[in-house]
Amino acid sequence: MKIELKPITVRELANGYVDNLEDGVVAYGGNLDVRPAYQREFVYHDKQRDSVIDSVRKGFPLNVMYWVDNGDNQFEILDGQQRTISICQYVNGYFSINDRQFDSLETDEQEQILNYQLQVYVCSDGTDSEKLEWFRTINIAGEKLSDQELRNATYRGPWLMAAKKHFSKNNNPAQSIGDKYINAKWNRQEGLETVLSWISDGKIESYMNAHQLDSNDNELWMYFTAVINWIKLLFPKYRKEMKSVDWGKLYNTYHANQYDADELEKTVFKLMSDSEVENKRGIYEYVFDNDSKHLNLRQFDDNIKRTVYERQKGICPMCRGTQNENKCWAFEEMEGDHDIPWSRGGQTTEDNCVMLCRKHNREKSDK
């Protein structure tokens, strides 16, 4: 892989700048793809944007930028999109600073900005994996790319462009139907990352590599809509706890089974009303596998455990008949357990607490 330093003036960079919103941004005479498929939308705040222009006007150095040479004098930005857009928008009159637009500056002030040199490293002749590894190394400052944006840098192609239209653009179709179920910043590729993790069982890069040259993302889109429809069918009553559930994992495991939505709702309602259940979101996993670990059931506090410990005089009732039958365990060596399990209606109250030695508490099953 070849990496070269290529100084670029603001005049050269801003020449031919065009912002077509969803269709992309170009600069450098139309030869620089400012917002490739893996990049986010413009995310700088006004203060950050203005700080870039202030640095240029004062002749202060900006952080270096990184481009990829795609051949035929065509380039794309790996790092520096936000600075590039800030500079090009100012020179092209998109905004003013201290009520002064670029066109209202004195000629010498304009020339100083236009002649300002940006330090750009250009990468060429490398494999996708080499470029990605290089970018992971340089992605250490400013507005860092997310993990999914880094993956997008490697697996560019028609499939990714189609997937971005469904999952990443502003007000995208996936967000409109799935935002209630996925906790994600969609323009930072988090929604796309979530769905890719679902369909690939966490092997996102393998999936993207296999589909990189596909002409469309139909498989991914159909899978996503199937998951959302499955959720709505089984749980028609929406609750805020349904956001951020690992729905893809549940769908992959259970979608072929038959369930009664009314019965599921009865169970969900009962558990939502149960003060013993501290992780309400875990209810949507529990209804499928009945594993109470999802519920984070309420535990005995130290005051209750200390009271019961003193009442038992440090003796573990399950140690009867063993060599530790009369052993007085230290408080720290014992754990509070439900005498009547939660599954049988037991509550986290003092009269239902029993102190057991660690060994027996961890061996005790929910019988």
Quick one: closest heavy-atom pair of [X] and [Y], and the distance?
X	Y	result
Leu13	Trp67	CD1-CZ2, 3.9 Å
Pro158	Asp214	CG-O, 3.3 Å
Cys353	Gly336	SG-CA, 4.3 Å
Ile304	Thr349	CD1-C, 4.5 Å

Listed once per pair and sorted, the salt bridge (Lys or Arg N to Asp or Glu O under 4.0 Å) pairs that draw on residues 191-201, sequence neighbours left out: Arg151-Glu193

With hydrophobic residues grouped by side-chain heavy-atom distances under 4.5 Å, do [X] and [Y] end up in a single group?
X	Y	answer
Val10	Val18	no
Leu213	Leu220	no
Val26	Ile8	no
Leu233	Phe288	no
Val354	Met334	no

Steps toward salt bridge (charged side-chain N to carboxylate O under 4.0 Å, His left out) verdict (Glu241, Arg281): CA-CA 5 Å; Glu241 289 82 6; Arg281 184 182 300 144; over 6 Å; no

I would like to know whether Leu160 and Met208 meet side chain to side chain contact (heavy atoms under 4.5 Å, CB included); could you show each step before the answer? CA-CA 8 Å; Leu160 180 59; Met208 293 183 70; 4.3 Å; yes

Side-chain donor/acceptor of [X] to backbone N/O of [Y], under 3.5 Å:
X	Y	result
Arg83	Asn63	yes
Glu350	Val308	no
Arg306	Asp301	no
Asn172	Lys169	yes
Lys280	Met272	yes
Ser51	Lys47	no
Gln101	Gly93	yes
Asp337	Asn361	no

[X] side chain near [Y] side chain, heavy-atom distance below 4.5 Å:
X	Y	result
Glu190	Gln148	no
Glu12	Leu118	no
Glu265	Asp262	no
Arg188	Glu149	yes
Arg57	Leu105	yes
Tyr251	Asn229	no
Tyr17	Val91	no
Val227	Tyr223	yes

To the nearest 0.5 angstrom, please state how far the [atom1] atom of [X] sits from the [atom2] atom of [Y].
X	Y	atom1	atom2	result
Asp33	Tyr28	CG	OH	14.5 Å
Asp69	Cys123	CG	SG	8.5 Å
Asn279	Ser292	CG	OG	12.0 Å
Trp159	Gln212	CH2	CD	9.5 Å
Ile87	Leu62	CD1	CG	5.5 Å
Leu196	His211	CG	NE2	9.5 Å

Output all residues satisfying side-chain contact (heavy atoms from CB on, under 4.5 Å) with Lys293, sequence neighbours left out; order by chain, then residue number. Asp291

Residues in side-chain contact (heavy atoms from CB on, under 4.5 Å) contact with Asp108, at least two apart in sequence or another chain: Glu106

May I ask you to list the residues sharing a hydrophobic cluster with Ile340, side-chain cutoff 4.5 Å, ordered by chain and number? none

Partners meeting side chain to side chain donor-acceptor pair (under 3.5 Å) with [X] (sequence neighbours left out):
X	result
Lys266	Glu263
Arg11	Glu111, Asn115
Gln74	Asn31
Asp179	Trp186

Looking at residues at least two apart in the chain, or sitting in another chain, which of them share a ring pair (Phe, Tyr, Trp, His ring centres under 6.0 Å) with Tyr90? Phe95

Identify, with sequence neighbours excluded, every residue that meets ring pair (Phe, Tyr, Trp, His ring centres under 6.0 Å) alongside His338. Phe300

Take atom [atom1] of [X] as the centre, draw a 6.0 Å sphere, and report whether it contains more than 12 heavy atoms from other residues, nucleotides or ligands.
X	atom1	value
Tyr254	OH	yes
Asn171	CG	no
Phe269	CZ	no

The complete set of side chain to side chain donor-acceptor pair (under 3.5 Å) pairs with one or both residues in residues 318-329, sequence neighbours excluded, reads none

Evaluate the criterion salt bridge (charged side-chain N to carboxylate O under 4.0 Å, His left out) for residue pair Glu109 and Arg100; output intermediate values, then yes/no. CA-CA 12 Å; Glu109 293 177 307; Arg100 296 189 72 189; 3.1 Å; yes

Assert yes or no for the condition that the ring centre distance of Tyr284 to Trp247 is strictly below 6.0 Å. yes

Less than 6.0 Å separating the ring centroids of Trp221 and His166? yes

Partners meeting salt bridge (charged side-chain N to carboxylate O under 4.0 Å, His left out) with Asp339 (sequence neighbours left out): none

Thinking salt bridges, do Arg49 and Asp46 make one under a 4.0 Å N-O criterion? yes

Salt-bridge contact Lys249-Glu285 (side-chain N to carboxylate O under 4.0 Å): no

Can you confirm whether the side chains of Asn209 and Glu205 place a donor and an acceptor under 3.5 Å from each other? no

From CA spacing to verdict: side chain to side chain contact (heavy atoms under 4.5 Å, CB included), Val277, Tyr286: CA-CA 11 Å; Val277 177; Tyr286 175 82; over 6 Å; no

